[in-house]
Undergrad: 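One structure, as structure tokens, below. Some questions next.
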Amino acid sequence: MTQPRFGAAILGCEGLSVSLSEKAFFRDANPLGFILFARNLETADQIRKLTDELRASVGWQAPVFIDQEGGRVQRLRPPLAREWPAPLDHVEASGKHAEQVMYLRYRIIAAELLSLGIDGNCAPMLDIARDGTHPFLRNRCYGTHLDQVVRIGQAVAKAHLDGGVFPVVKHIPGHGLAQMDSHLELPRISLPADELYATDFAAFKPFADLPFGMTAHLVYEALTNEPATTSKMMIDLIRNDIGFNGFIMTDDISMEALSGTVAERGSASIAAGCDAVLHCNGHLDEMVALMDQIGVMSDAAQARAEQALKTRKTAPQVDIDDLTAKLSALEEKRVDD
């Protein structure tokens, strides 16, 4: 069965339920999916009802995404979900068991998300941490070296796929060199192109076949003076040099790293080659203006969206207590090593 033409966006909503105005707007806009934030999360029953309402507004099983990395970026907190240390701290504490530990961590996260009707998570994060990486990002990374980031990232991606949750690779083509917070200003990276290809860009190559990826709002001065999200050259690099075949969404288009109105930013992103615009703050007036500007997906984006959705699989039933026990045993083993 052919999917309806999707609106070229993934959108948030304002509160704990979907308003009548939002329902009408989502019905007409038909975004590829939705994303939830802390403002949308109160109780387990409320979240399940909200995800049902969002999907009902578009009339199909649209994916619902969230940022549940663990650590500082963790939208769901106890009692809705387990509290986690920052990813880099967890990796460093786990030593030689880090891949197994991080697999179990995100397999538990996937099970928790799916139980609430959430089937997409903005992870793995494949940015390589440096000494100068801005604090907003550094301890969210999985390592300080390419090989480590790739190995942990593969474990994280597999955990999501095994758990029936879409992984979203971020931030393509690499945010680890940023010394500014792109929520507030535009980071500029001065590393030579050959070093970028050998390190930050290389981290994403082993993940070229994953269903979803998210861009980085920063400038690579050796290549272009435009932010990667709105640069045709950088999106072409992601497609052709890194080889990423999946569906590309922007990082949150509301972030102040980008200039212009939200609608203008979104239009520039689509023109550059992004498949969809991620809009997170739930402001209906901004979403209306954005969709008026960007409309529906191109034929190529639609095809990539349909292919990405086909990777969704039904996860087997798991015992979270059993996964937690296995994780605890590995963590205790680390202490003894």
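As a basis for the values below, the full set of heavy atoms in this structure was taken, side chains included, without hydrogen atoms, waters or symmetry mates. We number each residue from 1, following the sequence as shown.
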Undergrad: Applying the side chain to side chain contact (heavy atoms under 4.5 Å, CB included) criterion to Ile189, which one of Leu196, Asp200, Val219, Leu223 satisfies it?
TA: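 Of all the options given, the one that passes is Leu196.
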Undergrad: What distance separates Arg304 CZ from Ser298 OG, expressed to the nearest 0.5 Å?
TA: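 OG of Ser298 is found 6.5 Å from CZ of Arg304.
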Undergrad: Between Met249 and Leu113, is there a shared hydrophobic cluster once you connect ILVMFWY residues whose side-chain heavy atoms come closer than 4.5 Å?
TA: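 Same cluster: Met249 reaches Leu113 through Ile, Leu, Val, Met, Phe, Trp or Tyr contacts under 4.5 Å.
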Undergrad: Please answer whether the main-chain N or O of Leu114 pairs with a side-chain N or O of Asp119 as donor and acceptor at a distance below 3.5 Å.
TA: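 Such a contact is absent between Asp119 side chain and Leu114 backbone.
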Undergrad: Look up atom CG in Leu161 and atom CZ in Arg312, then write down how far apart they are to the nearest 0.5 Å.
TA: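 Separation between the atoms: 13.0 Å.
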Undergrad: Let me see the working for His145 and Ile128 under side-chain contact (heavy atoms from CB on, under 4.5 Å), right down to the final yes or no.
TA: CA-CA 6 Å; His145 302 287; Ile128 302 172; 5.9 Å; no
Undergrad: How are the rings of Phe212 and Phe65 set relative to one another: parallel (under 30°), tilted (30 to 60°) or perpendicular (over 60°)?
TA: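 Correct class here is perpendicular.
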Undergrad: With a 4.5 Å heavy-atom cut-off, do Ile248 and Arg239 have their side chains touching?
TA: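 They are in side-chain contact.
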Undergrad: Which pair of heavy atoms, one from Ile118 and one from Val165, lies closest together, and at what distance?
TA: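 Smallest interatomic distance, heavy atoms only, reads O-CG2, 4.2 Å.
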Undergrad: Check whether any side-chain heavy atom of Leu177 sits under 4.5 Å from a side-chain heavy atom of Thr199, and report yes or no.
TA: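 No, too far: nothing below the 4.5 Å cut-off.
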Undergrad: Where the side chain of Asn240 meets the backbone of Leu237, is there a donor-acceptor pair that is under 3.5 Å apart?
TA: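 No.
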Undergrad: Answer yes or no: is there a donor N or O on one side and an acceptor on the other, between the side chain of Gln154 and the main chain of Pro206, under 3.5 Å?
TA: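 Not at all, since once roles are kept as given, no pair shorter than 3.5 Å links the two residues.
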Undergrad: Pair Arg140, Asp89 - check salt bridge (Lys or Arg N to Asp or Glu O under 4.0 Å), show working.
TA: CA-CA 9 Å; Arg140 297 165 57 194; Asp89 296 343; over 6 Å; no
Undergrad: Quick check: do Gln68 and Val73 have side-chain heavy atoms less than 4.5 Å from each other?
TA: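 With C-beta onward as the side chain, the pair stays apart.
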Undergrad: Could you tell me which non-hydrogen atom of Asp252 sits nearest to which non-hydrogen atom of Cys280, and how far apart they are?
TA: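 Scanning both residues completely, I find the closest heavy atoms to be OD1-N, 3.3 Å.
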Undergrad: Applying ring pair (Phe, Tyr, Trp, His ring centres under 6.0 Å) to His160 and Tyr106, what does each step give before you reach the verdict?
TA: CA-CA 7 Å; His160 284 92; Tyr106 285 95; 5.5 Å; yes
Undergrad: Could you tell me which non-hydrogen atom of Phe201 sits nearest to which non-hydrogen atom of Met234, and how far apart they are?
TA: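 Nearest pair, atom of Phe201 first, then Met234: CZ-CE, 4.1 Å.
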Undergrad: Taking the side chain as every heavy atom from C-beta outward, state whether Lys170 and Glu69 have any pair of such atoms under 4.5 Å apart.
TA: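 Yes, at least one pair of side-chain atoms sits under 4.5 Å.
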Undergrad: Once rounded to the nearest 0.5 Å, what's the spacing between atom OG1 of Thr230 and atom CD1 of Ile235?
TA: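 One finds 8.5 Å between OG1 of Thr230 and CD1 of Ile235.
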Undergrad: Look only at the side chain of Arg55 and the backbone of Gln61, and say whether a donor-acceptor pair between them is shorter than 3.5 Å.
TA: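 The answer is no, because no donor-acceptor pair under 3.5 Å joins these two groups.
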Undergrad: Quick one: pull up CZ in Phe25 and SG in Cys13 and give me the separation to the nearest 0.5 Å.
TA: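 Answer for the CZ-SG pair, Phe25 versus Cys13, is 12.0 Å.
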Undergrad: Passes side-chain contact (heavy atoms from CB on, under 4.5 Å), Leu50 versus Leu36? Steps please.
TA: CA-CA 10 Å; Leu50 174 60; Leu36 302 182; 3.9 Å; yes
Undergrad: Using side-chain hydrogen bond (donor to acceptor under 3.5 Å, both in side chains), reason through Glu185 and His217 one step at a time and then give a plain yes or no.
TA: CA-CA 9 Å; Glu185 49 194 335; His217 295 334; over 6 Å; no
Undergrad: Might you point out which heavy atoms bring Val156 and Ala123 nearest each other, and give the distance in Å?
TA: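 In this case the closest contact between Val156 and Ala123 is CG1-CB, 4.4 Å.
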Undergrad: How far does CD1 of Ile152 sit from CG of Leu126, to the nearest 0.5 angstrom?
TA: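 Going from the CD1 atom of Ile152 to the CG atom of Leu126 covers 11.0 Å.
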Undergrad: Any donor-acceptor pair under 3.5 Å linking the side chain of Arg27 with the backbone of Ser57?
TA: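 Flag not set: sc Arg27 to bb Ser57 has no pair under 3.5 Å.
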Undergrad: Which value, rounded to the nearest 0.5 Å, describes the distance between Tyr142 atom OH and Gln148 atom CD?
TA: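 That separation rounds to 12.0 Å.
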Undergrad: So, Asn30 side chain and Gly7 main chain: donor-acceptor pair closer than 3.5 Å or not?
TA: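 Checking the backbone N and O of Gly7 against the side chain of Asn30, no donor-acceptor pair under 3.5 Å is found.
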Undergrad: Start with the C-alpha distance between Glu14 and Arg39, add both sets of side-chain angles, then the distance that settles salt bridge (Lys or Arg N to Asp or Glu O under 4.0 Å), and finish with yes or no.
TA: CA-CA 7 Å; Glu14 187 174 20; Arg39 66 178 183 273; over 6 Å; no
Undergrad: Taking the side chain as everything from C-beta on, heavy atoms only, tell me whether Glu331 gets closer than 4.5 Å to His90.
TA: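 When only atoms from C-beta onward are counted, His90 and Glu331 do touch, with a gap below 4.5 Å.
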Undergrad: If only atom types and distance count, is the side chain of Ser231 paired as donor or acceptor with the main-chain N or O of Pro227 below 3.5 Å?
TA: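 Such a contact is absent between Ser231 side chain and Pro227 backbone.
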Undergrad: Contact between Glu286 and Asn281 at the side-chain level, heavy atoms closer than 4.5 Å - yes or no?
TA: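 Glu286 reaches Asn281 side chain to side chain.
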Undergrad: Could you please spell out the steps behind the salt bridge (Lys or Arg N to Asp or Glu O under 4.0 Å) verdict for Asp52 and Arg48?
TA: CA-CA 6 Å; Asp52 286 345; Arg48 293 186 196 102; over 6 Å; no
Undergrad: Taking Thr229's backbone N and O only, do any of them form a donor-acceptor pair with Thr250's side chain (distance below 3.5 Å, no angle check)?
TA: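 Judged by distance alone, no pair lies under 3.5 Å.
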Undergrad: Regarding Arg77 and Glu83, does a basic nitrogen lie under 4.0 Å from an acidic carboxylate oxygen?
TA: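 Looking at Arg77 and Glu83, the cut-off is met.
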Undergrad: For a quick test of reading the model, state the closest non-hydrogen atom pair linking Ala315 to Gly164 and the distance between them.
TA: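 What the structure gives for the nearest pair is CB-N, 3.7 Å.
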Undergrad: Do the non-hydrogen side-chain atoms of His279 and Ser254 ever get within less than 4.5 Å of each other?
TA: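 Yes - at least one pair of side-chain heavy atoms lies under 4.5 Å apart.
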Undergrad: Judged by atom type as modelled, is there a donor-acceptor pair below 3.5 Å linking the side chain of Ser19 to the main-chain atoms of Glu22?
TA: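 Present.
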Undergrad: Would you indicate whether Glu226, at its atom CD, is surrounded by more than 12 heavy atoms from other residues, nucleotides or ligands within a distance under 6.0 Å?
TA: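 Check passes, neighbour count above 12.
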Undergrad: Considering only heavy atoms from C-beta outward, does the side chain of Phe6 approach that of Asp275 to under 4.5 Å?
TA: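 When only atoms from C-beta onward are counted, Asp275 and Phe6 do not touch, as no gap falls below 4.5 Å.
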Undergrad: So, does Gln46 use its side chain to make a donor-acceptor pair with the main chain of Glu42 at under 3.5 Å?
TA: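 Yes.
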Undergrad: For the pair Phe247 and Leu32, evaluate side-chain contact (heavy atoms from CB on, under 4.5 Å) and give the outcome as yes or no after the intermediate values.
TA: CA-CA 11 Å; Phe247 187 90; Leu32 176 66; 3.5 Å; yes
Undergrad: Would you find more than 12 non-hydrogen atoms of other residues, nucleotides or ligands less than 6.0 Å from Lys49 atom NZ?
TA: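 Count not over threshold, so no.
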Undergrad: Start with the C-alpha gap between Asp127 and His171, add the side-chain angles, then the distance that decides, and say whether side-chain hydrogen bond (donor to acceptor under 3.5 Å, both in side chains) holds.
TA: CA-CA 7 Å; Asp127 307 317; His171 302 87; 2.7 Å; yes
Undergrad: Identify the heavy atoms of Val149 and Gly143 that sit nearest to each other, and give their distance.
TA: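 Minimum heavy-atom contact is CG2-O, 3.6 Å.
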